[in-house]
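To keep things clear, I will list the structure first and then write my remarks on it.
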Amino acid sequence: MIIQINLYKFAKENELTVLLDNIMTINELKDVASQVRRDIIRMVHGCQSGHPGGSLGATDIVTALYFDQMHIDPKHFTMDGAGEDIFFLSNGHISPMLYSILARRGYFPVSELATFRRLGTRLQGHPTPVEGLPGIRVASGSLGQGLSVACGVAQAKKLNGDNSLVFCLMGDGEQEEGQIWESAMYAPAKNVDNLVAVIDYNKKQIDGPTDDVMNLGDLKAKYESFGWKVYKCNGNDMQQVVDTLNITRQNAHKGQSQIILAHTEMGFGVDFMMGTHKWHGTPPNDEQAANALSQLKETLGDY
Amino acid sequence: MIIQINLYKFAKENELTVLLDNIMTINELKDVASQVRRDIIRMVHGCQSGHPGGSLGATDIVTALYFDQMHIDPKHFTMDGAGEDIFFLSNGHISPMLYSILARRGYFPVSELATFRRLGTRLQGHPTPVEGLPGIRVASGSLGQGLSVACGVAQAKKLNGDNSLVFCLMGDGEQEEGQIWESAMYAPAKNVDNLVAVIDYNKKQIDGPTDDVMNLGDLKAKYESFGWKVYKCNGNDMQQVVDTLNITRQNAHKGQSQIILAHTEMGFGVDFMMGTHKWHGTPPNDEQAANALSQLKETLGDY
Amino acid sequence: MKLEVQNYKDTRSGFGDGLLEAGKRNPKVVGLTADLTGSLKMGDFAKAFPERFFQVGIAEANMVGIAAGLAIGGYIPFTGTFANFSSARIYDQIRMVVAYSNKNVKIAASHAGVTLGEDGATHQTLEDVGMMKMLPNMTVLVPCDYNQTKAATIAAAEHNGPVYLRFGRPKVANFTPADEPFVIGKAQMIQEGTDVSIFACGHLVWKAIEALPILKEMGINAELINIHTIKPLDVEAVLKSVAKTGCVVTAEEHMRNGGLGDSIAQVLALNNPKPLEMVAVNDVFGQSGTPDELLKHYHLDTPDIVEAVKKAVSRKRI
Amino acid sequence: MKLEVQNYKDTRSGFGDGLLEAGKRNPKVVGLTADLTGSLKMGDFAKAFPERFFQVGIAEANMVGIAAGLAIGGYIPFTGTFANFSSARIYDQIRMVVAYSNKNVKIAASHAGVTLGEDGATHQTLEDVGMMKMLPNMTVLVPCDYNQTKAATIAAAEHNGPVYLRFGRPKVANFTPADEPFVIGKAQMIQEGTDVSIFACGHLVWKAIEALPILKEMGINAELINIHTIKPLDVEAVLKSVAKTGCVVTAEEHMRNGGLGDSIAQVLALNNPKPLEMVAVNDVFGQSGTPDELLKHYHLDTPDIVEAVKKAVSRKRI
Ligand SMILES: Cc1ncc(C[n+]2csc(CCOP(=O)(O)OP(=O)(O)O)c2C)c(N)n1
Ligand SMILES: Cc1ncc(C[n+]2csc(CCOP(=O)(O)OP(=O)(O)O)c2C)c(N)n1
Ligand SMILES: [Mg+2]
Ligand SMILES: [Mg+2]
């Protein structure tokens, strides 16, 4: 079932079961991303904890996935995602970005974003399926594990004769975890070609620039030497993101594991949060939050 | 103190404190290797357990290290190895090879090889320092960890202003462990250039050829993309091994982490143990042991 | 229960045969290994269901992540590697993507304990039960012989939720009935008695059985219960037995700290404090040797159980 | 012992300040971190001794291997990351290259327990003490406040052998004397009493102190002992106290299974069986919330200790 809908109406009312199919313009996607960024700021400000920097930087990628690329049925969330595309957030600390997108896409009420990180919430500091939040299939937060799980689901899809795709977002600092390279070796060796990995390549991590903390060197060469087809894009340019994802979708099921190095800026969209790693895990105070929100257009209505 | 000695006398009497300094000819090194191979067969046959295949294949490399390359003082073993070169066996399952070489080099009595894997022995199934065996500085056997330890010792040497080198042998199947890639990323990023890693590149592991179990792809490209200077050699050609090690010694302390892909044959020296992974962890029976020994010259006297 | 040795078999073969059977019964059962197909006896499964068998190479962390992914996709994955690499090596991963995420993953852990033998301490895990029982949602099974391990494997496949299944390497007495279904969480009465409760698991159940006639000769009427399910513990059976006997001996191939003994000590302290003696490894690492030598060396043998019983019974009297 | 709150400080700052002090006293002390310099409060050390500080990136397994190597080279390395990644993530590595190899490595584990707060269950380790105490050669320290954590850090540096040092994130009452040296393995008497023995560790020591006047009001004269060293356990102090009081309450920010409570239960069962009540997390994962909310939610708060004491004392009477 493919329904052409008005995005704004959809996101506001939040009640239709839809499979969006490339119906949004780039500007509409940008509008969603702007609202998601507002949500992120308000969420981490609200509970005075959480990770704004990476969340803001990765917003465009995941917005494009959920609002343009993925074939999903938000109103009827199933754990196995049979027949649907599946997304995993390996770098679970940027959960506010994912929660906002899931809510805006119709997985659960937008109002629930206000419960982020509060006692009893389904919106735990790091994503978890155990509280029953639609859209989440596995816990993440301990870095390095998401790509392995994504490989497993991708192989389950193959066993099931299910042609839909699996996407997995990882951090660049996260690439320092050895388990990443176990799955990086596994996917091409075992012909996992229904998987698209994306690295949030913001060149920053908690203690500073990755170049200082642990130089990642040439990530493209690394993944190529591990047998992957590697793409690059500006992860904060919606057109580039969509174009690159389109290419990977076309190249899926062709015997190659694919990965996108999405060059992003930590804190993207909020001037004083950009160009530094300081906002990796620090929430803004009242004044900073107001300043940040003043830079982000409210497009779908705040929760 | 550098003493020119007769190898055979040295190895037989086993009592001098020596720093061998490139005094052995290639043929003499080959003779040592032949005896080590005999020891391996006799040890695993004796206790009816252990790992002959990898041990036989890696013998030439480690013989060259201990009898030609490393500046060591076997009679005065110190845990910190100050002023000495240090070797780590990351793939601890090929312990009989190391034990034989340590004994033949004078770290402990050759007769002790007979205790391999028996209750109360210092020659545990996998190497450990806790029983006080001279020559062993850390436990290994759980794969993937040795290169990390080697990096740490190398950095300790730098802090101490100690110009000697650290060597580390790993398995090729072992490269599938993620921790390897953590240290592979670490060493070049942190300028660990007093370290020479060697991979026992026999293209086999327990369940079969690495190509089938987990295709390692282009290991050279992998390490290069991680920032290493990579060398190749035939790890069962003593001349090539020595030549390659000489080059790495010359290139040490020059800002590059170095690794040798030593192409070896599992089971090298015993015809029926070659060309298969079957002898990874299976000891020969009486007849097979006799057959194997008939193919290996006794050069230094059996223990 | 009739206590007859039918034959001598390794519990890992019980797993291998159980996996094959589970695979036949349910097409959703899949197997994974980290370069240890033969050691785990998964070869028959791999041959029967090649498309349902995943060779992951020496990458245990990746293996458990893939298993969680397969479980999300509706499969019932069994991961197979040595017990140490099934637990210590990947505890954070198991914790996050299996236990906390509550995925239907079965962790098959072979070569547990000192009876691994000659490979020595690096491979002889004595901490895995302690680790696994700390994880919410995790079921921890330690069957005692070939038949029971086979049945436990089939039961694990039928159980919905994470399972840690621990078994061993050497050939040991196979004595439980071949047709007895494995009931998770239900302690198995082996012999009723009145003077002491012996709670044993794994290889040590047979050692405890061997102690029974010796104890009888001494005039001690021991009750022996096989705690094949460490978690959830059959607290009712434990308390019922102790209420009758008044003292306890536990026997296991594990560290004292964290093992079955500690589980029982906790139940007693919280409910009915009674003297307890532990037959377990006491805060030392293992070493190379034959399984029998090592059981003796680490005081995990039949005479050690007899001694422990004598001590427990004597403590009851004061 | 005078029980006055001097100020409110996080125990991790006690570690950071202790590390700096240890580094000043001994040039062999080195620090390592896995991208968590600030969280572990290692910044001052890194600034004072840049050449003795190793940034390893997000690679905890590699970090502990490097630490073992540095220890071989004669250094006294302190690794710093969150408690979960200091234990669960790298247990096999710690087991092999630190505990079994008996290397002089100190594992500094911050943000332990539910008081980590909003990050939630993935980061809230409640299993690390259970893991670490199963390892032979390992010393396990859980100091209770800023001053004691600082002193414990200095003591760890002076101790020859592997140490696991557990501490936390939030600012809590700092009440132990600033000049009190930390004696590894020696339980700390906080208040003598006759009716019940309370054994507490970490953040819960202060919660237990807060329970004392409430208990007094109820006519319960409680003895409170701070078990800052989980291993080696001060068995003598435990038994002496219990011989006097006849019942026990344990309090800790950890799972019941594997924690201090289980250590005490074992000592009691083996030596002097007595009623025990546990204040600990009972087989559930943590979640997001403020530290105070979570302590309350998981029944780790002062009223829970009071209730546990009442129950323990009442069980004594039957
Ligand atoms: C296994 C593990 N180690 C450490 C951490 C703590 N941690 C959380 S986020 C982070 C930095 C991640 O860097 P990156 O992937 O680049 O994410 P970004 O900072 O760009 O959002 C660290 C070290 C963790 N969550 N998991
Ligand atoms: C962490 C870990 N996983 C699994 C094993 C079991 N194991 C021992 S040797 C081996 C194969 C190693 O392959 P390779 O490094 O190529 O050594 P080779 O067989 O060539 O000697 C495996 C899987 C182990 N020792 N450690
Ligand atoms: Mg980053
Ligand atoms: Mg190999």
Side-chain angles (χ1 to χ4, degrees), chain C residues 60-61 84-85 87-96 99-100 102 120-122 125-138 231-232 247-248 250 254-259 261-278 281-286 315, chain D residues 60-61 84-85 87-96 99-100 102 120-122 125-138 231-232 247-248 250 254-259 261-278 281-286 315:
Chain C
E60 294 82 6
N84 191 41
F85 313 132
S87 57
R89 183 64 163 220
I90 51 171
Y91 192 60
D92 181 41
Q93 286 85 356
I94 293 173
R95 183 180 187 275
M96 191 168 82
Y100 180 46
N102 207 1
T122 53
T125 181
L126 298 165
E127 306 86 10
D128 57 333
V129 168
M131 271 181 263
M132 290 300 147
K133 77 183 200 193
M134 289 191 285
L135 290 177
N137 300 331
M138 184 64 76
K231 187 183 177 189
C247 72
V248 176
T250 56
H254 194 275
M255 288 289 173
R256 277 190 184 191
N257 286 336
D262 266 6
S263 289
I264 303 287
Q266 186 190 101
V267 168
L268 297 182
L270 293 176
N271 295 280
N272 185 13
K274 288 286 180 269
L276 167 73
E277 294 295 323
M278 292 180 170
V281 177
N282 195 4
D283 206 26
V284 291
F285 284 104
R315 284 177 59 202
Chain D
E60 294 82 6
N84 191 41
F85 313 132
S87 56
R89 183 65 163 222
I90 50 172
Y91 191 60
D92 182 41
Q93 286 85 357
I94 293 173
R95 183 180 186 276
M96 190 168 82
Y100 180 46
N102 208 0
T122 53
T125 180
L126 297 165
E127 306 86 12
D128 56 334
V129 168
M131 272 180 261
M132 290 301 146
K133 78 182 200 193
M134 288 191 285
L135 291 177
N137 300 331
M138 184 63 75
K231 188 184 179 189
C247 73
V248 175
T250 57
H254 194 275
M255 287 289 175
R256 277 190 184 192
N257 286 336
D262 266 6
S263 290
I264 302 288
Q266 185 190 101
V267 169
L268 297 182
L270 293 176
N271 295 281
N272 185 13
K274 288 287 178 268
L276 167 73
E277 293 295 323
M278 292 181 171
V281 177
N282 194 4
D283 205 26
V284 290
F285 283 105
R315 283 177 59 201

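These values consider heavy atoms only, across backbone and side chains, with no hydrogens, waters or symmetry-generated copies. So that the names make sense, note that chain A is the first sequence line, chain B the second, and so on, each numbered from 1.
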What part of [X] lies closer than 4.5 angstrom to a heavy atom of chain D: side chain, backbone, both or neither?
X        : answer
C:Ala61  : neither
C:Asn282 : neither
C:Met138 : neither

Could you tell me the separation between the [atom1] atom of [X] and the [atom2] atom of [Y], rounded to the nearest 0.5 Å?
X        : Y        : atom1 : atom2 : answer
D:Asp283 : C:Leu135 : CG    : CG    : 9.0 Å
C:Met255 : D:Lys133 : CE    : NZ    : 12.5 Å
D:Asn257 : C:Lys231 : CG    : NZ    : 6.0 Å
D:Arg256 : C:Gln266 : CZ    : CD    : 6.0 Å

What's the shortest heavy-atom distance between [X] and [Y], and which atoms?
X        : Y        : answer
C:Asp92  : D:Arg89  : OD2-NH1, 2.9 Å
C:Tyr100 : D:Phe285 : CA-CE1, 3.4 Å
C:Ala265 : D:Ala269 : CB-CB, 4.0 Å

Name the member of D:Gly130, D:Pro136, D:Ala88, D:Ser87 that forms the most heavy-atom pairs with chain C at distances under 4.5 Å.
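The candidate making the most pairs under 4.5 Å is D:Pro136.
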
Contact winner vs chain C - D:Ala121, D:Ser263, D:Gly261, heavy-atom pairs under 4.5 Å
D:Ala121

Return the set of residues passing side-chain hydrogen bond (donor to acceptor under 3.5 Å, both in side chains) with C:Thr122 (not counting sequence neighbours), or none when no residue passes.
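Here no residue qualifies.
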
CA sep, side-chain torsions, deciding dist, call: C:Asn84, D:Arg95, side chain to side chain contact (heavy atoms under 4.5 Å, CB included)
CA-CA 10 Å; C:Asn84 191 41; D:Arg95 183 180 186 276; 3.9 Å; yes

Tell me every residue that passes ring pair (Phe, Tyr, Trp, His ring centres under 6.0 Å) with D:Phe85, counting only those two or more places apart in sequence or in another chain.
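With sequence neighbours excluded, D:Phe85 shows a ring pair (Phe, Tyr, Trp, His ring centres under 6.0 Å) to D:His123, given in chain and number order.
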
Please tell me if the side chains of C:Met131 and D:Glu127 come closer than 4.5 Å, counting only heavy atoms from C-beta onward.
no

